[in-house]
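Below is one structure, written out as structure tokens; the observations come after it.
Only a predicted model underlies this, so the values are computations on that prediction, with no experimental measurement involved. Chain identifiers are assigned alphabetically (A, B, ...) following the order of the sequence lines, protein sequences preceding nucleic acid strands; residue numbering begins at 1 within each chain.
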Amino acid sequence: MANRYKEFKHLNLPAIEKEVLDRWQRENAFQKSVEVREGAQPFVFYEGPPSANGMPGIHHVISRTLKDLVCRYKTMQGFKVERKGGWDTHGLPVELGVEKELGITKEDIGKKISIEEYNQKCREAVLRYKDKWDELTTKMGYWVDLEHPYITFTNEYIETLWWCLKQLYEKGLLYKSVSIQPYSPAAGTGLSSHELNQPGTYRNVKDTSAVAMFKAVRNEKSAFLFQAANCQLPTANCEIFFLAWTTTPWTLPSNLGLTVGPNIDYVLVKTFNPYTHLPVNVILAKALLGKYFKPEGENGDFDSYDEKVKLLPWKILAEFKGSELEGLEYEQLLPDEANSLAAVQAITPGAKPWRILLGDFVTTEDGTGIVHTAPAFGADDFRVGKKYNIGILTLVDREGKFVDGLGEFSGRYIKDYKSDPAYVDVNVDISVKLKKENRAFKVEKYEHSYPHCWRTDKPVVYYPLDAWFIRTTAVKDRMVELNKTINWKPESTGTGRFGNWLENMVDWNLSRSRYWGTPLPIWRTEDGREEKCIGSIEELNAEIRKASEVLGGDVNTHYLHNGILDLHKPYVDEVILVSDSGKPMRREPDLIDVWFDSGAMPYAQWHFPFENQEKFTQNFPADFIAEGVDQTRGWFYTLHALGVMLFDSVAYKTVVSNGLVLDKNGNKMSKRLGNVVDPFKTIEQFGADATRWYLITNASPWDNLKFDIEGIKEVQRKFFGTLYNTYQFFALYANVDGFTFKEDYIPVAERPEIDRWILSSLQTLIKQATAALDEYEPTQAGRLIEDFVDEHLSNWYVRLCRRRFWKGDYEQDKIAAYQTLYECLETVVRLMAPISPFFSDEIFIQLNAVTGKHHGQSVHHILFPEVREELIDTELEERMQLAQDASSLVLSLRKKANIKVRQPLQKVLLPVLSPTMEQQLQKVEDLIKAEVNVKEMEYLTDTEGFIKKKIKPNFVALGKKLGARMKAVSTALQNFSQHDISLFEKEGRYSLPINDEAVELTLAEVEITSEDIPGWSVASKGPLTVALDINITPELEDEGNAREFVNRIQKIRKDSGFDVTDRIDVKVAANNGIAASLSKFNNYICAEILADTLEITSTIADGIEIEVNENQLKVIVLKKG
RNA sequence: AGAUCCGUAGCUCAGCCUGGUUAGAGCACUACACUGAUAAUGUAGGGGUCAGCAGUUCAAAUCUGCUCGGGUCUACCA
């Protein structure tokens, strides 16, 4: 055991961290922190896998600090906390990165580069920055198992994913359907939302838009409309039309419905068709009348309507809600062979098209408030169409041209996909046709923002594509229910963002048309009648052999010998399986959403159920996970969905979602803006500890953080600097006195007031910090620790106790001081260890190296401090607060009178309002006197006429009782005389007449404070008032001089580099006044400055010039020996 | 467009859940002081329509509604 505490020269956090890191590595500290808890209750943590194909940024440091501190804390709480690292390795960003690097596009795959080579490139690229990530992980002190991470592209991982998929398949939760997705006819491929969100894809374009007229069918349901239109007889003039607007007239042949908003007001309007000038009745949203009709035309003269005058007369015939229109039928707009009822029903048996539907998505911002609905070409359309079973028509092929059976339009491209100079816009032709047929109410160019394919620059369309779905909607209620058991931090994310998301859930579209990812393990016959879902490698290999036997030829010959070695494309696609009826089956070509990869990590990280069954059982569900709030609908969702579907369980019990890291101006960090903060540089410069402390204490994790390097500097200076100094102070004197905590622990009750106070505060801190951490509020915990170190420990305890450490002999009081300060330091570093693991460990080790109080090589192996409730003394903490306040008040009075603290003063007057207050103050009297340098404290109790008092209502206590009478009482109290107040105090109660009614008041319901002591200079804060006697007697002046002189000599000692224990001889030349002071206090001075002699003469030759209260002196200070 | 979080001093934040009468810290700035641990600290000073409007209440930074501004997620539409 060392016998001296290490004394540092400077505080150099990065250097200390490097040493600590080396030690951790040497001693396998992380591994050991898990091992020492062998057999203990596990605390389960899941690491959300990052993707290592990009560089880590500062925002990764915050979420990882959060994860790390919780895990460290729980370890210190006695739990066994394993943390398996992981890597997310599939997905589009990887593919795009590779394509960029190789200078190819998706079309080149299979041509310029084989899928095999392409995927090989992806596999290499995906862990490109793994080293950088590992480095950051290590340097920031994030303890996570980097040796055995799970990697999503491995066969084992994928095998578990397949197992999961098969479970879902067997539960009937996996199905194939169409979904409406962005599709680029020019490129012949679907686009992901990621691709659609590339900059520049949304562009303002001018399209031909048309308000088409859909003719209502007259029947029982629609009778009320025809009645309103005054058409008792079926005449040609009596036609009613629904108006619907579209910016894509090419979708009109595929129209199968019209959607209205149930709560939107619609009107039936009598008017003329502006193109054909035929009288018509039209229906549209009331709110949009102004778009089509001028106010002057309302109730205009229908009989003398002139086609040349552009003013349409119009008249509202009826008004109704959208909900009243539900189910009404209309005539098909552009009937043809390809979109006949027979054709529709051939695709969707039993479909009932051309009806009015209700949909919440309808707005009255544009168009007519009636939405032309073509299920194939819009996600909303598809959804509402499905609900009403109106069928689906896709009259445009994958190249973007009309199919056969549409007469004049067949074969024409809906947009200029071929860059044909002779291209004629089919949308215009459709509009012209409508105009001619009295089926267009308004046709115009319309400018709007429309997405374009980022590769071909051609407009994207929404198009039905085959996709596999997970029927999450089937377990929606259960997911909602279980979500309520999850502890969300902050809570609002769980109930709000996540809760709402669950409420509005749609089935999970799993399909991705890509190359590098987990293949969907489903094989199908060509007619789609038979299919097989594969759930393991073994099963696949068995099926491979079976197919080879049944189908013969060279089917699967490559895979017969060793089985399949890589579950990725292209290999799985070469495998042909055989159906039960003996037909060949090919794999469904899709890959699955990478979110499935990460959502299945609780199972796949252990290769469950093929291995580690017990391990899995012990580690599911997680006690805690944490990621950025942007993962709410990503990882948090997929984990939850799979947990519920596979095991009817939550996947995590607590989830903390942290906010974003913005730059100091509140802008999002991006490479483009050049405001990204390099985490390596930051850690290099300021240390991981200060960075972590700053990130955690500056703002709650879920608030966005405005990252400012100045904030880290402040943390470093203020918190770590103060703590470091406190330790240095301790080490300095403990080494001098040889304190090694070998003496018995002095019972706290036997220690001085101030020791009991700091220990009581320390217990309070432990209690509060523990509570905060238990509630996943590390910000609170950090701030509490900070306050304690700064306010209590350093600026009060150490400041007031300084003398106890360097004065006097090594006996009880001094030992008590050492024991107390030691306990504070050691406890503080244990409390802060989870947040800032390096410096705390260093200090802990240095302390423990001498005292050996703990068995353990690291603060991270021992237990978190436990509160000793019996040491908490609230009264003591309160009176110390009084002492601090009183001192502060006296100092401010000194300041006002311009009397420095070194000048002793005679007396402080303190009016006390109760005996308790007096007792409390008496106990801290010595502390106050020493701190403010006064000789006596006098308590004023009999105060009438001497102290001026003030009374005001205790609003909290009185509010409920008085209610509206509060104001009157408040005014009455304001007018109380000194006599009234003292009467009240004497009686303990007062009867106040308010509005002819007596209001009884007790002392507890008012606050009485002393305000003034006539003739004295006073200061007050709350109930505390102090007055200071500022007379300086000659006696006091002498002492002031002596103290000033001591101060100067101490400075010389320090400047001369003397040791704190060196003895000196002093010679001083002083004029008469000062000389008298010095000689009078000769003994005191010698004791203070450790001088054996203090010689006072009239002159000395050289020596150092000093000034004592405006007197010039010369001194010679000599070190002895 | 919807959901959600945020808006308090020049800056970073507390206080809001549970309403109570002078709205607090720290940083920065100015002056003075203290220091035998201190890169600290103390005292004093300037600095606030608590984003805005309306409501509830004896009383609103705090509760409710609306509006504005910022962020994020989702959707992107006739």
#### Entry: Greater than 12 external heavy atoms within 6.0 Å of A:Ile1030's CD1
no
### Query
Is a donor-acceptor contact shorter than 3.5 angstrom present between the side chain of A:Ser794 and the base of B:A37?
yes
### Message
Looking at A:Tyr724, I'd like to know whether one of its side-chain N or O atoms comes within less than 4.0 Å of OP1 or OP2 on B:A39.
### Response
no
### Task
Not counting sequence neighbours, which residues clear ring pair (Phe, Tyr, Trp, His ring centres under 6.0 Å) with A:Phe686? List them please.
none
### Query
Excluding sequence neighbours, so at least two apart, what forms salt bridge (charged side-chain N to carboxylate O under 4.0 Å, His left out) with A:Asp787?
none
### Query
Quick one: which of B:C34, B:C76, B:C13 gets closest to the side chain of A:Asn698?
B:C13
### Task
When you get a sec, tell me which of B:C76, B:C13, B:A37 is the closest nucleotide to the side chain of A:Tyr462?
B:C76
## Note on the structure
Taking Watson-Crick and G-U wobble contacts under 3.5 angstrom, with | marking pairs to another strand and [ ] crossing pairs, the secondary structure of RNA chain B is written (((((((..((((......[...)))).(((((.......))))).....(((((..]....))))))))))))....
### Task
Give A:Leu11 one of three labels, base, sugar-phosphate or nothing, depending on what nucleic acid heavy atoms sit under 4.0 Å from its own.
base
Distances under 3.5 Å between nitrogen or oxygen atoms of protein and nucleotides 1-6 of chain B:
from : atom 1 : to       : atom 2 : distance (Å)
B:A3 : O3'    : A:Asn500 : ND2    : 3.2
B:A3 : O2'    : A:Asn500 : ND2    : 2.8

### Query
Heavy atoms under 4.0 Å, any strand shown: does A:Asn1047 hit a base, just sugar-phosphate, or nothing?
sugar-phosphate
### Task
Please state how far atom CZ in A:Phe707 lies from atom C1' in B:C11, giving the value in whole angstrom units.
16 Å
### Task
Starting at atom CD of A:Gln780, determine the distance to atom C1' of B:C13, rounded to an integer number of angstrom.
12 Å
### Task
Between A:Asp381 and A:Ile1089, name the one whose nearest nucleotide on RNA chain B is closer to the 5' end.
A:Ile1089
### Message
Regarding A:Val969, tell me which of base, sugar-phosphate or nothing describes its non-hydrogen contacts under 4.0 Å with the strands shown.
### Response
nothing
#### Entry: Contact letters for nucleotides 25-30 of chain B, in which S counts primed atoms plus P, OP1 and OP2 and B counts the base, heavy atoms under 4.0 Å
-SSS--
### Query
What residues form a salt bridge (charged side-chain N to carboxylate O under 4.0 Å, His left out) with A:Glu786, not counting sequence neighbours?
none
### Message
At 4.0 Å (heavy atoms only), tell me whether A:Arg894 reaches a base, stays on the sugar-phosphate, or touches nothing.
### Response
nothing
